[in-house]
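Note: hydrogens, waters and symmetry copies are ignored here, and every other heavy atom, side chains too, is used. What you see is a predicted model; the values in this text were computed from it and never measured.
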Amino acid sequence: QVQLVESGGGLVQAGGSLRLACEGIGRTFSSYAVGWFRQVPGKEREFVAAIRWSGVGTFYADSVKGRFTISRDNAKNTVSLQMNSLKPEDTAVYYCAARTGLLVATNYDYWGQGTQVTVSS
C-alpha cells in the first residue's frame, strides 16, 4: 500500500509555469507506475500524464503534450509534473495516482488528495 501527497499548486498567469510534486509514502513506491490527473467541478476526471516505475517510459494527453513533463526520483519517492506555457483551460484540481503493472491511463489504485492549479487569463 502507498499514500500519496501532492504539493505545488497555486495561482499563475497564462503563459507561466508551475511544478507539482507527488510524494509517495511507503517502501514500495518505486515499484508503482504514477499518473497525474485533473478534474474541474462538474466534469469527469481527465488523464494528464503517466510514468513507468523505472522512470523510463512516459506518455501524455494530447492537450498537454509539449508543455508538461513528468519525471520521477525514486531515491526521494517523488514524482514531479513540470507545467509550462499554462493556459486558463489547465485550471483544475490535480491528483496523482499510483498503480502496479502496465503504464496506462486508467485503473489506478491509490490517489492523493489533490492540489488546486488556477491559471488566470
Side-chain angles (χ1 to χ4, degrees):
Q1 190 167 347
V2 64
Q3 290 179 280
L4 305 172
V5 180
E6 301 97 336
S7 62
L11 173 64
V12 64
Q13 288 188 329
S17 299
L18 279 176
R19 187 176 181 88
L20 305 183
C22 173
E23 180 186 2
I25 301 171
R27 291 183 301 165
T28 60
F29 178 71
S30 61
S31 65
Y32 289 86
V34 175
W36 283 96
F37 297 78
R38 64 189 183 187
Q39 190 168 25
V40 175
K43 293 189 177 181
E44 289 191 359
R45 189 164 50 202
E46 174 189 23
F47 169 76
V48 174
I51 188 166
R52 199 180 301 274
W53 68 270
S54 64
V56 178
T58 59
F59 77 107
Y60 299 88
D62 287 343
S63 58
V64 305
K65 204 172 293 183
R67 300 188 298 123
F68 291 11
T69 303
I70 189 171
S71 61
R72 71 188 297 162
D73 184 342
N74 284 338
K76 297 181 179 179
N77 275 8
T78 300
V79 172
S80 298
L81 184 69
Q82 177 66 43
M83 305 186 295
N84 298 328
S85 302
L86 283 162
K87 305 175 182 180
E89 52 262 43
D90 294 317
T91 296
V93 177
Y94 283 71
Y95 299 89
C96 69
R99 59 162 287 153
T100 55
L102 298 175
L103 185 64
V104 295
T106 59
N107 297 325
Y108 280 71
D109 302 308
Y110 304 103
W111 293 84
Q113 83 288 351
T115 186
Q116 176 72 46
V117 171
T118 303
V119 183
S120 62
S121 57

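- One distance of note links CD1 of Ile70 with SG of Cys96; it measures 9.0 Å at 0.5 Å rounding.
- For the atom pair Tyr32 OH and Arg99 CZ, the distance stands at 11.5 Å (nearest 0.5 Å).
- Closest approach of Ala14 to Ser121, counting heavy atoms only: CB-CA, 4.4 Å.
- Residues Tyr110 and Phe29 are members of one and the same hydrophobic cluster, defined by side-chain heavy-atom contacts under 4.5 angstrom among Ile, Leu, Val, Met, Phe, Trp and Tyr.
- Listed here is the closest heavy atom pair of Val40 and Ala92: CG2-CB, 3.9 Å.
- Contact annotation: the side chain of Gln116 approaches that of Thr91 to within less than 4.5 Å [non-hydrogen atoms, C-beta and beyond].
- Note that OG of Ser80 and CH2 of Trp36 are 7.5 Å apart. Values are rounded to the nearest 0.5 Å.
- With values rounded to the nearest 0.5 angstrom, Thr115 atom OG1 is found 11.0 Å from Leu81 atom CG.
- Heavy-atom minimum distance, Ser30 versus Asn74: CB-CG, 3.6 Å.
- Of the candidates Lys87, Gln82, Met83, Lys87 is the only one forming a side chain to side chain contact (heavy atoms under 4.5 Å, CB included) with Arg67.
- For Gln3, the CD atom sits in a loose shell: 12 or fewer heavy atoms of surrounding residues, nucleotides or ligands are nearer than 6.0 Å.
- Nearest heavy atoms, Leu103 versus Ala33: CD1-CB, 4.2 Å.
- Between Asp62 and Lys65 there is a salt bridge, since at least one side-chain N of the basic residue sits less than 4.0 Å from a carboxylate O of the acidic one.
- Listed here is the closest heavy atom pair of Leu18 and Gly8: CD2-O, 3.9 Å.
- Considering OG1 of Thr28 and CH2 of Trp53, their distance stands at 12.5 Å, rounded to 0.5 Å.
- Between Val117 and Asp90 there is no side-chain heavy-atom pair separated by less than 4.5 Å.
- Here the side chain of Arg72 pairs a donor or acceptor atom with the backbone of Arg52 at under 3.5 angstrom.
- The OH atom of Tyr95 lies 13.0 Å from the CG atom of Leu20; values are rounded to the nearest 0.5 Å.
- With hydrophobic clusters built from ILVMFWY side chains whose heavy atoms lie under 4.5 angstrom apart, Val79 does not share a cluster with Tyr108.
- Side-chain contact between Glu46 and Ser63 is present, with at least one heavy-atom pair separated by less than 4.5 Å.
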request  = Could you walk me through whether Thr106 and Phe47 pass the side chain to side chain contact (heavy atoms under 4.5 Å, CB included) test, one step at a time?
outcome  = CA-CA 8 Å; Thr106 59; Phe47 169 76; over 6 Å; no
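- At least one donor-acceptor pair under 3.5 Å links the side chain of Glu6 to the backbone N or O of Gly114.
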request  = For side chain to side chain contact (heavy atoms under 4.5 Å, CB included), just list the numbers for Tyr60 and Thr69, CA-CA rounded to whole Å, side-chain angles, deciding distance to a tenth of an Å, and then say yes or no.
outcome  = CA-CA 8 Å; Tyr60 299 88; Thr69 303; 3.9 Å; yes
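- Distance alone, capped at 3.5 Å, places no donor-acceptor pair between the Asp73 side chain and the Thr78 backbone.
- The aromatic rings of Phe37 and Trp111 sit tilted relative to each other, their planes meeting at an angle between 30° and 60°.
- The nearest pair of heavy atoms linking Asn84 to Ser17 is OD1-OG, 2.9 Å.
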